[in-house]
Amino acid sequence: LYRVPQTERTCYAWTFFCGEVIMSLTWKAQVFILISCAALTLHPLYGFGPKPGDVYREYTTRLSVKDNWRVTDPDAAHPGAAKFLPNPVLNLDISDLGGAVRAEVLIDRWGGHAGTSGKRIRFNGNEWLPLPELETIPEGELPECYMYQDNPIIEIPLEHLKEGFNTFEGTCGDQVCFSFNWGQWGWYSLVVRVYYDKARHHPVGRIVFPLTGGQFGDFPSIKVEASAAKGISRVDILGYYEAFDSDGDGIFSEWQRYYQSTSLTNHIGSTLAEPWEVSWNTQWVPDQEAGSVKLIARIRDNTGVWFVTDEVRNLSLIRDTVSVKMYKPESVPPKFTVRVSLEKSCEVNIPESESLEYAAEAAVHLRTWNGIEDNFVLNDSYSCPIGGNNHFFGYSIQNIPVSALVKGANKISFTSPTEHHGPEILWPGPVIMIRYKGYGAK
């Protein structure tokens with residue numbers, strides 16, 4: 001179902017069809033499907049993406065922001081679309097498919113012109129592979145109509161790939177809302193992962209601190225043991241916990257990471273040398289439910305082979321005198337972009353029960369595209385730069401005075417004087433974080 005474009009008619013049709021198929025199976029098969037779906041829900045990284053015990057290689061490519069990063073509807077009627085057509089056919093070298101058991105591609109994707117439908121890619125001229133749309137937007141709304149940049153991951157049939165020179169290309173359809181006849185989206189990079197049989201030589205290791213069931217405080221050091229016959233070149237630490245949604249899928253409790261132009265960011269951290277130890281900056285990590293945090297390490301040897309360690313589970317973040325709380329946005333509009341002094345806004349609610357008098361510091365976290373020259377306004381009084389980049393993705397953390405906040409609804413508004421492409425406020429919208437100290441932390 002992840003390949004089905006999320007319009008209402010396809011959702012209804014596929015729900016009915018799949019329900020009919022499932023009901024025709026034996027009760028044992030139905031139980032198996034339910035358990036499998038539950039497992040994917042509990043482990044969102046593991047539907048696709050590396051999971052404990054996996055052995056794989058990564059093949060990456062960055063696209064040029066000058067000429068080949070846009071993907072345009074071949075039938076676009078807008079006169080401005082013509083200069084981007086035909087869509088470029090790009091290439092990627094894959095050196096090793098021996099012993100491969102599966103493959104996938106992760107894309108650093110800009111959602112593009114609001115409403116762009118039917119985003120697809122293909123390899124070596126094979127069948128088109130549909131890309132999934134957002135699944136967390138309000139019920140009844142079309143995900144294509146929201147502004148976003150995300151990291152979709154889809155399976156690539158192994159028969160679509162070959163050792164050596166591979167081609168890939170993208171396409172899309174027209175706009176399904178806010179249409180000006182110019183369907184277009186963008187991609188900044190691809191990461192193709194090829195997974196191998198576990199009999200292949202690979203690095204090994206484990207997380208040695210903290211251990212399953214343990215506790216840790218602010219700014220802990222995560223320690224890993226790692227070894228390989230050819231030596232280790234990199235160790236990444238990833239955590240499952242609730243935080244600002246840095247990868248743009250609208251899920252706040254997940255394995256936290258984002259790939260920007262093939263670079264892994266917004267994870268706990270990486271190290272390139274012994275000791276294999278990473279200090280976790282938890283300044284803006286919200287308080288977590290006891291036992292809800294999980295960790296894994298991904299280890300790469302000097303030949304480029306990766307291995308994923310077992311999970312460390314049931315971890316608890318303990319703070320004695322500090323509390324960090326996250327307040328999520330509400331009423332985030334579709335096409336959350338502004339130009340020529342048009343104002344759009346959303347709200348962030350701070351419960352009346354909070355003790356703002358004990359708030360020590362606060363910040364607004366937001367993801368934008370082309371947010372370089374504009375400001376946001378908090379509660380119609382405090383103005384702050386967005387802190388984004390020119391015609392490019394940006395993730396900014398803007399410190400704000402606690403005095404600018406109120407209990408209840410906090411309005412965050414965006415305007416722009418530009419007549420060209422104004423700032424896009426990317427899904428799921430801005431978040432307010434507050435770090436409390438003293439009484440307010442209890």
Side-chain angles (χ1 to χ4, degrees), residues 4-10 62-90 107-122 125 128-134 137 141-150 152 167-190 248 332-344 367-374 386 388-394 414-427:
V4 180
Q6 292 188 13
T7 62
E8 289 186 22
R9 62 180 182 272
T10 54
R62 295 187 182 186
L63 284 74
S64 170
V65 296
K66 292 183 178 180
D67 52 20
N68 65 7
W69 70 282
R70 300 173 190 261
V71 179
T72 306
D73 173 13
D75 298 319
H78 192 288
K83 67 179 179 179
F84 301 109
L85 291 169
N87 287 309
V89 178
L90 308 165
I107 301 173
D108 182 10
R109 175 179 66 172
W110 172 57
H113 295 165
T116 299
S117 64
K119 304 176 184 74
R120 290 161 287 161
I121 66 171
R122 68 178 176 183
W128 291 104
L129 305 175
L131 297 175
E133 289 288 352
L134 297 172
I137 54 99
E141 299 283 356
L142 292 176
E144 295 92 339
C145 301
Y146 283 75
M147 317 310 297
Y148 65 87
Q149 184 151 339
D150 65 350
T167 63
F168 66 93
E169 56 191 308
T171 191
C172 64
D174 199 359
Q175 296 169 280
V176 295
C177 55
F178 311 111
S179 180
F180 49 94
N181 298 313
W182 191 350
Q184 188 175 83
W185 59 283
W187 47 7
Y188 294 106
S189 65
L190 275 78
V332 174
K335 199 181 180 183
F336 202 172
T337 182
V338 293
R339 63 176 75 183
V340 289
S341 301
L342 175 69
E343 178 180 310
K344 290 188 178 181
R367 307 168 80 250
T368 60
W369 195 88
N370 194 41
I372 185 173
E373 296 178 343
D374 302 282
I386 291 176
N389 294 307
N390 184 19
H391 281 71
F392 200 70
F393 170 80
F414 297 86
T415 59
S416 176
T418 184
E419 295 183 2
H420 188 47
H421 198 121
E424 296 181 6
I425 313 307
L426 301 177
W427 185 257

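In this chain, residues are counted from 1 in sequence order. What you are looking at is a predicted structure, and each value in this text was computed from that prediction instead of being measured.
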Task: Nearest non-hydrogen partners of T171 and W185, listed with the distance - done: O-NE1, 3.2 Å
Task: Smallest separation among heavy atoms of V176 and S117, with atom names - done: CG1-CB, 3.6 Å
Task: Any W369 side-chain heavy atom under 4.5 Å of T337 side chain - done: no
TODO: Supply the atom-to-atom distance D73 CG to N181 CG, rounded to the nearest 0.5 angstrom.
DONE: 9.0 Å
- [ ] Would you check, one step at a time, whether the test side-chain contact (heavy atoms from CB on, under 4.5 Å) holds for F168 with I121?
- [x] CA-CA 7 Å; F168 66 93; I121 66 171; over 6 Å; no
Open item on the list: Minimum heavy-atom separation for G170 and V71, please, with both atom names.
Closed with: C-CG1, 3.3 Å
- [ ] Would you check, one step at a time, whether the test side chain to side chain donor-acceptor pair (under 3.5 Å) holds for Q184 with T72?
- [x] CA-CA 4 Å; Q184 188 175 83; T72 306; 2.7 Å; yes
TODO: Report yes if the side chains of N389 and I372 come closer than 4.5 Å at any heavy-atom pair, otherwise no.
DONE: no
Task: Any N87 side-chain heavy atom under 4.5 Å of R70 side chain - done: no
Open item on the list: Please report the interatomic distance CD(E169) to CZ(R122), rounded to the nearest 0.5 Å.
Closed with: 4.0 Å
- [ ] Please name the pair of heavy atoms, one in G248 and one in D150, separated by the smallest distance, quoted to 0.1 Å.
- [x] O-CB, 4.1 Å
TODO: Could you grab the distance from atom CG of N390 to atom NE2 of H421, nearest 0.5 Å is fine?
DONE: 11.0 Å
Open item on the list: Using 0.5 Å steps for rounding, measure from the OG1 atom of T116 to the CD atom of E133.
Closed with: 9.0 Å
TODO: Taking the side chain as every heavy atom from C-beta outward, state whether I425 and T368 have any pair of such atoms under 4.5 Å apart.
DONE: yes
Open item on the list: For the backbone of L90 and the side chain of N68, can you confirm whether one donor and one acceptor N or O come within less than 3.5 Å of each other?
Closed with: no
Task: Atom of C172, atom of P74 and distance for their closest heavy-atom approach - done: O-CD, 3.5 Å
- [ ] Using the side-chain contact (heavy atoms from CB on, under 4.5 Å) rule, take Q149 and D108 through it: C-alpha gap first, then chi angles, then the decisive distance, then the call.
- [x] CA-CA 7 Å; Q149 184 151 339; D108 182 10; 3.1 Å; yes
Task: Pairwise distance CG(L426) to CG(N370) - rounded to 0.5 angstrom - done: 10.5 Å
TODO: Start with the C-alpha distance between W128 and K119, add both sets of side-chain angles, then the distance that settles side-chain contact (heavy atoms from CB on, under 4.5 Å), and finish with yes or no.
DONE: CA-CA 9 Å; W128 291 104; K119 304 176 184 74; over 6 Å; no
Task: Partner of W427 under ring pair (Phe, Tyr, Trp, His ring centres under 6.0 Å), chosen from F336, Y148, Y146 - done: Y146
Task: Nearest atoms (heavy-atom pairs only) where F178 meets A114 - done: CD1-CB, 3.9 Å
- [ ] For Q175 and F180, indicate whether the former's side chain and the latter's backbone hold a donor-acceptor pair under 3.5 Å.
- [x] yes
TODO: Ignoring hydrogens and angles, tell me if any N or O in the side chain of K344 forms a donor-acceptor pair with the backbone of K335 under 3.5 Å.
DONE: yes
Open item on the list: Taking the side chain as everything from C-beta on, heavy atoms only, tell me whether L63 gets closer than 4.5 Å to L190.
Closed with: yes
TODO: Pick out which of W110, W187, F84 makes a ring pair (Phe, Tyr, Trp, His ring centres under 6.0 Å) with W69.
DONE: W110
